[in-house]
Undergrad: 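This structure is in structure tokens; I'll ask about it shortly.
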Amino acid sequence: MRVGIDFGTTHTVVALVDRGNYPVVSFDGVDAWPSLIAANATGELRFGVDAAAVRHDPGWSVLRSIKRLLNDAGPQTEVTLAGRSYRLTELLTGFLAQLKSDLLQRSNGSLTPRDTIEAAISVPANASSAQRLLTLDAFVAAGFHVVALLNEPSAASLEYAHRYRSTITAKREYVLIYDLGGGTFDASLLKMTGHSNEVVISEGIQRLGGDDFDEAIVRLVCAGANLRDVDAGTLDLLREECAARKEAVGPQTRRFLVDMTAAGRPPFSCGIDDVYSACTPLVTPTIDLLNRILRDGSSDVAWSEVAGIYVVGGAGGFPLISRMLRSTFGEKRVKRSPHPFAATAIGLAVFLDKEAGFALSERFSRHFGVFREAEAGAGVVFDPIVGKDVSLPADGDTPLVVRRTYRAAHNIGHFRFVECSRLVNGRPDGDVTPYDPVLFPFDPALYDRDDLGRQPVGRWTEGPDVEERYVVAPSGAVEVTLTTQPGGFMRTFRLERRVSA
């Protein structure tokens, strides 16, 4: 069975490939599987639907928005739940293993335990290589056969292509995907020619999504109801109530009513414009980002060539989003997916359906490079290795490989790799992700040492020739192999983060 899985901040959505159709899987009658993990003091863990069932039980602690933790995490990162420490990767694997079990036993997906579940999965376009690797490894460890990892807005573009291909013309063959999820915002401009979708440029904001809208509304309600010193349990209930009310807001809504029973107060009511005013500062940065893509020349695509802006993502259904986009870009140029919460999962399923015939060309979504010494050790420069928007290979194609050679100037190589969303004057800027330092012995006397971090680093005039070989996978993950010549001493490193920043 082939499935598209959108692992989201708030909910996880699964869509099937079913004879040219892409139905969204429901679990016990609900279309979205809660992205929740719960634990109690005895060490019992529950995931998804089962975690949601105990989320208000005082005997259980709940981890929400686990996806938001991944960008700053590594394989050894730990979190505390109910007074116990858990490795984040183990929690994520357990979460996905339960998702697989529920797909087989508690869904309408007509799957059997004998079925191999071939999955296309997704990550935010601005996700670091570390987040991509952690996500991919957890899906594989949970028992999924992962055949593709796509950027979320790129996947959503396939849902658009499947549903609205007729809107693409020779004069307007670009579509801008506006993807606002529970924890991240991404925008990707794609060129659609026939059944080929080519990513032109992707931008994103790592920590902006529906969670932040919920917090803004909670602050509005607490201030309006003069509610102070709220305990954590009451605040969780109030946040959940505000989120539910937000998701129920429609274009004709005039009043925003919140049940305050959890706080022992009468219902709170305000005009919907007050809610919109509280949330507007969160929408404004997303529009500024679209303007950088469309109107500031970063994409080299004229607005007249764009068929429209397609709004997807769980938070994309909030009417304020479309209102502000239409005010800025025009009423007829903004279209919202009829299933914004499921657009990415459906697009992933479309990608897996070979009979549909759609092809996707992805790009590296961040700048990747390394800090190196300059001026004989007197300074430090950033050396870019893979530039943002470089085309990535498709699955099964030859990986993208970059090689560099030089004469080593030290006895130990200390590589400080980083990724970033943009470069300013040649330096990393914006969302910057540093990786665990890579230490490599250039001195043969150090080849067998496992304590290079405690060895003195010094300049060395007899250093060997060194080759750096970088391999970029279709998922966007990076691996580096270091080799000395002569002698051929070699080590390969998968770039990652072991602990939280």
Undergrad: Dump the intermediate steps for ring pair (Phe, Tyr, Trp, His ring centres under 6.0 Å) on F7 and F95, then the final yes or no.
TA: CA-CA 10 Å; F7 163 47; F95 171 86; 5.7 Å; yes
Undergrad: How about H414 and F440: are their ring centroids closer than 6.0 Å?
TA: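 Ring-ring flag for H414/F440: false, centres at least 6.0 Å apart.
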Undergrad: Compare all side-chain heavy atoms of Y86 with those of T80 and state whether any distance is below 4.5 angstrom.
TA: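 No, side chains not in contact.
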Undergrad: Decide if the gap between the ring center of F442 and the ring center of F489 is smaller than 6.0 angstrom.
TA: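 No; F489 has its ring centre 6.0 Å or more from that of F442.
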Undergrad: Hey, what do you get for OG (S365) to CG (L392), rounding to the nearest 0.5 Å?
TA: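 Going from OG on S365 over to CG on L392, the span is 8.0 Å.
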Undergrad: Give a yes or no answer on whether the side chain of E419 reaches the backbone of G369 with a donor-acceptor pair at less than 3.5 Å.
TA: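 No; judged by distance alone, with no hydrogens or angles, the pair does not exist.
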Undergrad: Can a donor-acceptor pair be found, under 3.5 Å and without considering hydrogens, that links the side chain of N411 to the backbone of G458?
TA: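 Side chain of N411 to backbone of G458, a donor-acceptor pair under 3.5 Å: yes, one is there.
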Undergrad: Main chain of G143, side chain of K100: is a donor-acceptor contact present, judged purely on distance under 3.5 Å?
TA: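 Side chain of K100 to backbone of G143: a pair is present.
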Undergrad: Could you give the distance from CD (E198) to CG (L190), rounded to the nearest 0.5 Å?
TA: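 Atom-to-atom, E198:CD and L190:CG are 8.5 Å apart.
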Undergrad: With a 4.5 Å limit on heavy-atom distance, are the side chains of T89 and D137 in contact?
TA: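 The answer is no, as the side chains (C-beta and beyond) never meet within the 4.5 Å cut-off.
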Undergrad: Looking only at heavy atoms, what is the nearest atom pair of S475 and L149, with distance?
TA: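 Closest approach of S475 to L149: O-CD2, 3.9 Å.
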Undergrad: If every non-hydrogen atom of F382 is compared with every non-hydrogen atom of P384, which pair is closest and at what distance?
TA: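 For F382 versus P384, the nearest heavy atoms are O-CD, 3.4 Å.
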Undergrad: Are the side chain of H410 and the backbone N or O of R459 linked by a donor-acceptor pair below 3.5 Å?
TA: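 Checked: no pair found.
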Undergrad: Does a salt bridge link R68 with D212, judged by any charged N lying under 4.0 Å from a carboxylate O?
TA: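 Judged by the 4.0 Å cut-off on N to carboxylate O distance, R68 and D212 do form a salt bridge.
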Undergrad: How long is the gap from OG on S202 to CG on D389, to the nearest 0.5 Å?
TA: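 Reported value, rounded in 0.5 Å steps: 7.0 Å.
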Undergrad: Looking at E468 and R404, is any side-chain nitrogen of the basic one under 4.0 Å from a carboxylate oxygen of the acidic one?
TA: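 Salt bridge between R404 and E468, a charged N being under 4.0 Å from a carboxylate O: no.
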Undergrad: In the structure I gave you, are the side-chain heavy atoms of V370 and V418 within less than 4.5 Å of one another anywhere?
TA: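 Result no, sub-4.5 Å side-chain heavy-atom pair not found.
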Undergrad: When you compare the side chain of T405 with that of D465, does any pair of heavy atoms fall below 4.5 Å?
TA: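 D465 vs T405: side chains apart.
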Undergrad: When you compare the side chain of I5 with that of F139, does any pair of heavy atoms fall below 4.5 Å?
TA: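 In short, these two side chains touch, coming nearer than 4.5 Å.
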Undergrad: Ring centres of W33 and F47 under 6.0 Å apart?
TA: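 No, the ring centres sit 6.0 Å or more apart.
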Undergrad: Just by modelled atom types, is the Q131 backbone N or O under 3.5 Å from a matching donor or acceptor in the T135 side chain?
TA: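 Yes.
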Undergrad: Does S391 use its side chain to pair, donor to acceptor, with the backbone of R363 at less than 3.5 Å?
TA: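 Not confirmed, S391 side chain does not pair with R363 backbone.
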Undergrad: Check each of V478, I121, N151 against R132 using the side-chain contact (heavy atoms from CB on, under 4.5 Å) test, and report the only one that passes.
TA: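 The option that passes is N151.
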Undergrad: Is there a side-chain contact between V25 and V3 in this structure, where contact means two heavy atoms from C-beta onward sitting under 4.5 Å apart?
TA: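 The answer is no; the side chains never approach within 4.5 Å.
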Undergrad: With a 4.0 Å cut-off on N to O distance, would you call R55 and D236 a salt bridge?
TA: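 Looking at D236 together with R55, the answer is no, because their closest N to O distance does not fall below 4.0 Å.
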Undergrad: Can you name the nearest heavy-atom pair linking V390 to L400, along with the distance?
TA: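 Looking at all heavy atoms of both residues, the closest pair is CG1-CD2, 3.8 Å.
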Undergrad: Counting N and O atoms only, with roles assigned by atom type, does the side chain of S107 sit under 3.5 Å from a partner on the main chain of L103, one being a donor and the other an acceptor?
TA: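 Indeed, once roles are kept as given, a pair shorter than 3.5 Å links the two residues.
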Undergrad: Could you tell me whether K354 sits above the aromatic face of F351, with NZ or CZ closer than 6.0 angstrom to the six-membered ring centre and within 45 degrees of the axis?
TA: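 Yes, K354 lies over the aromatic ring of F351.
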Undergrad: May I ask you to check whether S26 and D31 show a side-chain donor-acceptor distance below 3.5 Å?
TA: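 No, D31 and S26 have no side-chain donor paired with an acceptor closer than 3.5 Å.
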Undergrad: Would you say the side chain of N126 lies within less than 4.5 Å of the side chain of I205, judging by non-hydrogen atoms?
TA: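 No, side chains not in contact.
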Undergrad: With rounding to the nearest 0.5 Å, note down the distance linking CG in D57 to CZ in R46.
TA: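 Here the interatomic distance stands at 8.5 Å.
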Undergrad: What distance separates R2 CZ from T116 OG1, expressed to the nearest 0.5 Å?
TA: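 Spacing of CZ (R2) from OG1 (T116) equals 13.0 Å.
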Undergrad: Taking the side chain as every heavy atom from C-beta outward, state whether L81 and I37 have any pair of such atoms under 4.5 Å apart.
TA: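 Yes - at least one pair of side-chain heavy atoms lies under 4.5 Å apart.
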Undergrad: Any side-chain donor paired with an acceptor under 3.5 Å for Y310 and E159?
TA: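 Short answer, yes.
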Undergrad: For the pair Y22 and H162, name the ring-plane relationship: parallel under 30°, tilted 30 to 60°, perpendicular over 60°.
TA: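 Y22 vs H162 ring planes: perpendicular.
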Undergrad: Before accepting this row, confirm whether a basic side-chain N of the pair E479/R491 lies closer than 4.0 Å to the acidic partner's carboxylate O.
TA: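 Salt bridge between E479 and R491, a charged N being under 4.0 Å from a carboxylate O: no.
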Undergrad: For residues F371 and F417, establish whether the separation of their ring centroids is below 6.0 Å.
TA: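 Aromatic pair excluded; centres sit 6.0 Å or further apart.
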Undergrad: Charged N to carboxylate O under 4.0 angstrom, E78 versus R84?
TA: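 Salt bridge absent between E78 and R84.
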Undergrad: Judged by atom type as modelled, is there a donor-acceptor pair below 3.5 Å linking the side chain of N40 to the main-chain atoms of G43?
TA: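 Yes; at least one donor-acceptor contact below 3.5 Å.
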Undergrad: So with a 6.0 Å cut-off around CG of D451, is the heavy-atom count from everything else above 12?
TA: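 For D451, atom CG is crowded (more than 12 foreign heavy atoms under 6.0 Å).
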Undergrad: Apply side chain to side chain contact (heavy atoms under 4.5 Å, CB included) to F415 and F493, showing your working.
TA: CA-CA 11 Å; F415 298 85; F493 303 87; over 6 Å; no
Undergrad: Can a donor-acceptor pair be found between the side chains of E362 and S154 at a distance below 3.5 Å?
TA: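 Yes.
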Undergrad: For P474 versus P393, what's the shortest heavy-atom pair and its separation?
TA: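 That closest heavy-atom pairing would be CB-O, 3.4 Å.
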Undergrad: Quick check: closest heavy atoms across L348 and S122, and the distance to 0.1 Å?
TA: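 Closest approach of L348 to S122: CD1-OG, 3.8 Å.
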Undergrad: Are D214 and R239 close enough for a salt bridge, meaning some N to O gap below 4.0 Å?
TA: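 Salt bridge absent between D214 and R239.
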Undergrad: Other residues, nucleotides and ligands only: do more than 12 of their heavy atoms fall within 6.0 Å of CD on E462?
TA: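 No, because the 6.0 Å sphere around CD of E462 holds 12 heavy atoms or fewer from other groups.
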Undergrad: Any Lys/Arg nitrogen of R106 or D102 sitting under 4.0 Å from an Asp/Glu carboxylate oxygen of the other?
TA: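 Yes, charged N to carboxylate O under 4.0 Å.
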Undergrad: Which distance, rounded to the nearest 0.5 Å, do you find between the CZ of R366 and the CZ of R422?
TA: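 Rounded to the nearest 0.5 Å, the CZ-CZ separation comes out at 11.0 Å.
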Undergrad: What I want to check is whether the side chains of T286 and Y178 have a donor and an acceptor closer together than 3.5 Å.
TA: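 Distance-only check passes for T286 and Y178.
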Undergrad: Can you see which heavy atom on D186 is nearest to which on P153, and at what distance?
TA: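 Minimum heavy-atom contact is CB-CG, 3.7 Å.
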